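What follows is a short report on a single structure.
In what follows, chains carry the letters A, B, and so on, assigned in the order in which the sequence lines appear, proteins first and then strands, with residues in each chain numbered from 1. Since this is a predicted model, take the numbers as computed values, not measurements.
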Amino acid sequence: MAHEYNPAEIEPKWQSVWESDAVDAAVEDPARPKRYILEMFPYPSGNPHMGHVRNYSIGDVVARASRMRGYSVLHPIGWDAFGMPAENAAIKQNTHPAKWTYENIATQEAAFKRLGFSYDWQRKVVTCDPEFYRWGQWIFLKMFERGLVERKMNPVNWCPTCRTVLANEQVEGEGVCWRCSTRVEKRELDQWYFKITDYAQELLDDLDQLDGWPERVRTMQANWIGRSEGAEVDFTVCDADGNTTDETITVYTTRPDTLFGCSFFLLAPEHPLVSQFVDGTEYADAVAAVVERATHETAVERESGIAEKIGAFTGRYVVNPINQQRVPVWVANYVLMDYGTGAVMAVPSGDERDFAFARAYGLPIPPVVVAADDPLLASDPTLAQETDLRVTDVPWDAAYAGPGTMIQSGPFTGLSGGKGSAGADAVIRALAAAGTGRATVNFRLRDWLISRQRYWGNPIPVIHCPKCGIVPVPADQLPVILPLDLDITTGATLAEHPEFYEVACPVCGADARRETDTMDTFTCSSWYFLRYTDAANDTAPFAADKAAYWMPVDQYIGGIEHAILHLLYSRFFTKVLRDIGLLSIDEPFTRLLTQGMVKLDGAVMSKSKGNIVAPEEVIPRYGADTVRAYIMFMAPPDKDLDWSPEGVDGMYRYLNRVWRLVDEYADERDGYPQVSDQAGEYVPDLSAQTKNLAHLVHKSVKKATDDIDRMQFNTAIAALMELTNALYDYKTAVPVGDRDRAVFQFGIESLVKMLAPIAPHITEELWQVVLGNTGSIHAQEWPRYDAALCVRDEVELPVQVNGKVRGRITVARDADEAVVRQAALDAVQAQIAGKDVAKLIVVPNRIVTIVVK
RNA sequence: GCCGGAGUGGCGGAAUGGCAGACGCGGCGGACUCAAAAUCCGUUGAUGGCAACAUCGUGUGGGUUCAACUCCCACCUCCGGCACCA
């Protein structure tokens with residue numbers, strides 16, 4: 001009854017069985033441990049490509065293996081359905097974003113089903129469905145209540161191509177839009193923000209808990225949050241004659257120990273005091289020129305990598321609170337308005353940028369922190385005790401920013417200087433006592449700009465009332481429905497849709513205007529994983545007890561491109577929802593796998609580049625199982641891989657090999673005598689060949705199990721191939737009538753079971769049809785190996801002489817060391833004859849090494 | 001510039017400090033076949049040798065060790081992230 005492996009026939013057959021039986025529906029079962037396996041949900045861009053296949057195959061293997069290991073598994077899927085590409089496609093193809101989006105979802109859903117992914121389809125989430133996005137609005141309102149939503153006028157990143165603002169996290173490398181790579185512009189606009197900075201410290205601290213995350217992702221997030229410790233110092237504004245005003249300017253510094261070395265003071269070009277200082281003065285023109293160049297040329301200069309430092313004197317001075325020194329105030333292009341306070345104290349001897357600026361404009365560079373071996377101290381040892389300003393210009397050709405000793409620093413002279421030094425602490429204490437400074441912490445992280453001037457997004461549930469101001473939409477009026485009757489092929493937004501924005505104020509009833517900006521799509525992806533735990537809930541985003549059962553996600557799988565963006569925002573949402581009382585966890589994702597990218601000839605596959613390899617090109621010829629297994633076999637999951645069609649044949653051959661092996665076994669098995677008493681049980685009178693097979697089978701089961709656990713699927717598949725080879729070798733070497741039924745059967749069944757998560761269709765067919773078992777392979781228990789059978793009772797050890805293998809010995813496992821020593825010496829007798837054995841090292845069960853002279 | 005990651009056969013890739021190259025792709029030789037496909041067997045790091053074998057070999061140069069792809073120091077190349085963050 002031998003029959004052929006025909007994936008085109010069996011794959012759709014099993015897919016429809018699984019779907020109609022809803023075999024992959026997640027069940028909350030308190031009796032079993034749970035596992036929530038999640039892959040980052042796709043954007044419905046059209047046909048999936050091999051990158052998708054890889055991402056979702058990894059998750060599917062983990063989910064299927066987890067079920068067989070006895071876990072109650074949640075493995076859902078959905079679509080991140082709002083966003084710009086839908087609008088662009090709609091304009092280009094003269095259709096509606098909704099139509100384009102839902103059609104693409106249908107395409108991807110069909111493709112995913114054709115690949116045999118084991119999703120709980122009943123929990124499907126589509127973010128552009130009102131049933132989903134209303135809860136995004138609900139969360140917005142909750143955040144609004146808690147003061148985590150802010151509308152403010154700020155310089156923001158504007159993408160002229162996308163015609164919308166962007167969050168800081170969405171501006172890449174050289175200041176370009178993450179989506180279209182257009183250079184972004186700075187604009188001063190009134191926008192909506194989520195106050196993620198309120199959680200900056202916790203987002204940083206809790207990275208320590210995430211030991212299931214790749215180190216580099218944690219490092220990237222820590223760098224992005226960018227905590228720095230230092231001090232604020234208040235400088236009093238004065239005129240050229242030293243007459244002080246009651247105006248102070250505060251600076252932030254990480255080096256309060258260098259305060260005595262401040263020889264000038266800088267304002268950012270955008271600083272509001274600049275025009276106040278120079279308007280109508282002789283300095284106005286020069287300052288305006290700097291401001292002009294800084295605001296218009298910065299982007300270009302940054303691109304070249306080296307920005308020339310330019311600045312201009314404002315005619316004003318400030319008083320240094322530590323020593324009452326009067327220093328000039330300049331405007332400089334390298335001072336950033338959006339970090340610290342937009343003003344800095346310049347210490348050219350201790351800061352490279354200030355040094356360059358001082359040299360360019362002839363400003364003094366007094367040394368205040370010097371290294372112990374500094375030539376300055378060598379030439380003038382008394383300088384080490386100098387408290388007053390004696391040397392006003394360093395002989396160095398670069399700033400010194402390292403640790404050292406404070407000099408020329410009044411009462412602080414002699415203290416250690418440097419970041420976080422005793423000297424720095426002492427200066428902060430002195431400033432604090434005088435009320436002119438204080439210790440403080442600064443973050444690089446900015447608040448999350450969430451409003452977008454685009455149509456295809458979740459409407460911000462707010463109404464602008466001329467009398468009441470900003471009025472949140474009452475919760476019982478949610479959702480604010482995104483109207484679909486808008487012709488967006490002209491590029492129109494909600495601001496061109498009066499039926500949408502003309503509303504009555506919910507408080508006073510006056511004519512008011514509904515907010516027409518929509519939310520950043522990343523707000524949807526920041527909590528979709530929570531919706532899966534309770535996807536049909538129509539009274540809340542999710543029930544707390546359901547989330548409590550399933551959360552956190554045990555294994556999250558997705559691309560490294562979200563190392564900051566999505567993964568940071570999701571952590572933020574989780575903490576906010578915890579504080580609202582909906583969650584009891586601090587972190588959403590316990591373990592994270594950042595899967596490598598699938599490339600073609602070195603380039604990332606993307607629709608815009610047109611270098612996509614789609615699974616449909618391979619499935620008709622080889623089937624989904626081959627595609628899945630091949631992409632898992634090509635490389636470890638976290639490494640980038642270059643797609644090459646050459647090896648697909650090999651994987652197809654392998655699955656055929658498995659098919660024939662199992663098929664032949666099914667035909668012949670009645671002829672196998674039952675020799676050993678039970679599968680996997682060690683029976684002393686087995687033949688040497690059968691013992692050998694039992695050993696190989698158990699060793700392979702252990703190896704494949706361990707490798708799937710640590711998600712090294714490429715080596716797991718290699719172990720399955722070795723198991724397959726061992727079974728074939730046994731068949732070749734041992735006639736049917738001498739074969740051990742129990743050991744062989746255990747080998748065959750283990751092979752089929754362990755291959756099942758990777759190649760779910762062929763294994764289902766082999767299990768149920770070819771082997772004639774009842775019940776799905778995917779509901780079987782994972783094979784258990786016998787640790788005693790994974791090792792041999794005799795081991796062959798290489799014997800090295802001076803680092804070269806010169807002989808081999810076979811000894812009992814864990815043999816007495818004396819026995820091993822003697823056997824080794826005998827084995828290499830010829831090589832060591834007449835020489836002194838200086839050393840003999842036995843590494844038990846591994847190697848013997850002899851050193852002779 | 002700073003912070004990560006990676007350099008291993010023709011190719012993808014394996015190796016708790018213990019026989020480098022598992023597993024596979026490709027190649028070569030053979031069996032089966034009228035022939036081909038499929039399948040099966042053998043072989044396949046380099047150099048030298050008829051051969052057993054010898055020597056060399058994990059980006060480069062040092063070091064630690066009986067033993068280094070693995071640990072340490074210095075450097076080269078590539079990839080990724082951040083980048084005037086005071």
### Message
Measuring to OP1 and OP2 of B:rA22, would you say a side-chain N or O of A:Lys699 lies under 4.0 angstrom away?
### Response
no
### Task
For the side chain of A:Thr715, starting at C-beta, report the closest nucleotide among B:rG18, B:rC84, B:rA15.
B:rA15
#### Entry: Contact check, side chains of A:Arg444 and A:Asn223, non-hydrogen atoms, under 4.5 Å
no
### Pairing partner (Watson-Crick or G-U wobble, both distances under 3.5 angstrom) of B:rA31
B:rU39
#### Entry: side-chain N/O A:Lys639 vs B:rG13 OP1/OP2, d < 4.0 Å
yes
### Query
Expressed as a whole number of Å, how far does the C1' atom of B:rC40 sit from that of B:rA52?
30 Å
### Query
Which part of the nucleic acid, if any, lies within contact of A:Val347, taking any heavy atom under 4.0 Å across all strands shown: a base, the sugar-phosphate backbone alone, or nothing?
nothing
### Message
Hydrogens and angles aside, do A:Asn692 and A:Arg792 bring a side-chain donor and acceptor to less than 3.5 Å of each other?
### Response
yes
### Task
Figure out the CG/P separation between A:Asp338 and B:rC85, and round it to whole Å.
12 Å
### Query
Mapping A:Leu641 and A:Trp224 onto RNA chain B by nearest heavy atom, which one lands closer to the 5' end?
A:Leu641
#### Entry: Gap in Å between the two C1' atoms, one belonging to B:rA68 and one to B:rC19, rounded
14 Å
### Residue-phosphate contact under 4.0 Å: A:Arg846 side-chain N/O, B:rU16 OP1/OP2
no
### Query
Has A:Arg653 got a side-chain N or O lying under 4.0 Å from the OP1 or OP2 atom of B:rG26?
yes
#### Entry: G-U wobble or Watson-Crick pairing nucleotide for B:rC75 (cut-off 3.5 Å, both distances)
B:rG59
### Query
So what does A:Pro636 touch, heavy atoms closer than 4.0 Å: a base, only the sugar-phosphate, or nothing?
sugar-phosphate
### Message
What I want to find out is whether A:Arg438 reaches A:Asp234 closely enough, with some N-O distance under 4.0 Å, to be called a salt bridge.
### Response
yes
#### Entry: Selection from B:rU55, B:rC19, B:rC3 that lies nearest to any side-chain heavy atom of A:Asn223
B:rC3
### Task
Just call it for A:Lys804: base, sugar-phosphate, or nothing, with non-hydrogen atoms closer than 4.0 Å on any strand.
sugar-phosphate
### Query
Whole-Å distance between B:rC82 P and A:Arg218 CZ?
20 Å
### Summary
Taking B:rG13, B:rG81, B:rG80 as options, the one with an atom nearest any side-chain atom of A:Met220 is B:rG81
### Query
Out of B:rC66, B:rA15, B:rC19, which nucleotide sits closest to the side chain of A:Ile847?
B:rC19
### Query
Expressed in whole Å, how much space separates the C1' atoms belonging to B:rG61 and B:rC66?
24 Å
### Message
With syn defined as a glycosidic angle within 90° of 0 and anti as the rest, where does B:rG62 land?
### Response
anti
### Message
Could you tell me how far apart A:Glu270 (CD) and B:rC84 (P) are, to the nearest whole angstrom?
### Response
13 Å
#### Entry: Sole residue of A:Phe357, A:Phe264, A:Phe265 in ring pair (Phe, Tyr, Trp, His ring centres under 6.0 Å) with A:Trp330
A:Phe357
### Query
Between A:Arg444 and B:rA83, is there a side-chain N or O to OP1/OP2 distance below 4.0 Å?
yes
### Query
Has A:Arg657 got a side-chain N or O lying under 4.0 Å from the OP1 or OP2 atom of B:rC40?
yes
### Query
Under 30°, 30 to 60°, or over 60°: which ring-plane class applies to A:Trp396 and A:Tyr400, parallel, tilted or perpendicular?
perpendicular
### Query
Using purine N1 to pyrimidine N3 plus N6-O4 or O6-N4 for Watson-Crick, or N1-O2 and O6-N3 for G-U wobble, both under 3.5 Å, which nucleotide pairs with B:rG80?
B:rC3
### Query
Taking only side-chain nitrogens and oxygens of A:Asn845, does any of them come within less than 4.0 Å of OP1 or OP2 of B:rG18?
no
### Message
Under 3.5 Å for both donor-acceptor distances, Watson-Crick or wobble: does B:rA51 have a partner, and if so which one?
### Response
none
### Task
Check whether any side-chain nitrogen or oxygen of A:Asn714 sits under 4.0 Å from OP1 or OP2 of B:rA14, and answer yes or no.
yes
### Query
Which nucleotide, B:rC19, B:rC40, B:rG12, lies nearest any side-chain atom of A:Arg660?
B:rC40
### Message
Using a heavy-atom cut-off of 4.0 Å across all strands, would you classify A:Gly340 as base, sugar-phosphate, or nothing?
### Response
nothing
### Presence of A:Arg216 side-chain N/O under 4.0 Å of B:rA6 phosphate oxygens OP1/OP2
no
#### Entry: Rounded P spacing from B:rC25 to B:rU39 in Å
10 Å
### Task
Provide the Watson-Crick or G-U wobble partner of B:rG10, both distances under 3.5 Å; none if there is no partner.
B:rC25
### Task
Send over the distance from A:Met754 CE to B:rC23 P, rounded to a whole Å.
16 Å
### P gap between B:rU16 and B:rA22, integer Å
15 Å
### Query
Could you state the interatomic distance from NE2 (A:His271) to OG1 (A:Thr314), rounded to the nearest 0.5 Å?
11.5 Å
### Message
Under 4.0 Å from OP1 or OP2 of B:rA86: is there any side-chain N or O of A:Lys419 that close?
### Response
yes
#### Entry: Gap in Å between the two P atoms, one belonging to B:rG45 and one to B:rA38, rounded
25 Å
### Query
With rounding to whole Å, what would you report as the distance between B:rG21 and B:rG9 at their P atoms?
14 Å
### Message
Once you apply a heavy-atom cut-off of 4.0 Å, does A:Thr849 come out as touching a base, just sugar-phosphate, or nothing?
### Response
base
### Query
Within the structure, does a side-chain N or O atom of A:Tyr339 lie under 4.0 Å from either OP1 or OP2 of B:rA86?
yes
### Task
Answer with base, sugar-phosphate or nothing: what part of the nucleic acid does A:Arg808 contact at a heavy-atom distance below 4.0 Å?
base
### Task
Could you state the atom-to-atom distance from CG of A:Asn802 to C1' of B:rU65 in whole Å?
14 Å
### Query
Any side-chain heavy-atom pair from A:Arg571 and A:Leu207 closer than 4.5 angstrom?
yes
### Query
Does A:Asp649 reach the side chain of A:Tyr622, with side-chain heavy atoms less than 4.5 Å apart?
yes
## Note on the structure
When A:Asp354 and A:Val217 are each assigned the nearest nucleotide of RNA chain B, the 5'-most assignment goes to A:Val217
### Message
Side chains of A:Glu169 and A:Trp224: any donor to acceptor distance under 3.5 Å?
### Response
yes
#### Entry: Atom pair distance, as rounded to whole Å: CG in A:Leu336 and C1' in B:rC82
14 Å
### Task
Using the C1' atom on both, measure B:rU77 against B:rU8 and round to a whole Å.
16 Å
### Summary
Atom OH of A:Tyr654 and atom C1' of B:rA38 are separated, to the nearest Å, by 19 Å
### Message
So if I take every side-chain heavy atom of A:Glu796 and compare against B:rC19, B:rA14, B:rC23, which nucleotide ends up nearest?
### Response
B:rC19
### Query
Can you name the one residue among A:Thr258, A:Asp257, A:Thr253 that meets side-chain hydrogen bond (donor to acceptor under 3.5 Å, both in side chains) with A:Arg255?
A:Asp257
### Message
Expressed as a whole number of angstroms, how long is the span from A:Ile717:CD1 to B:rA22:P?
### Response
17 Å
### Query
Counting side-chain heavy atoms from CB outward, which of B:rC23, B:rA14, B:rA86 is closest to A:Arg353?
B:rA86
### Query
Any idea which of B:rA86, B:rA15, B:rG18 is nearest the A:Val843 side chain?
B:rG18
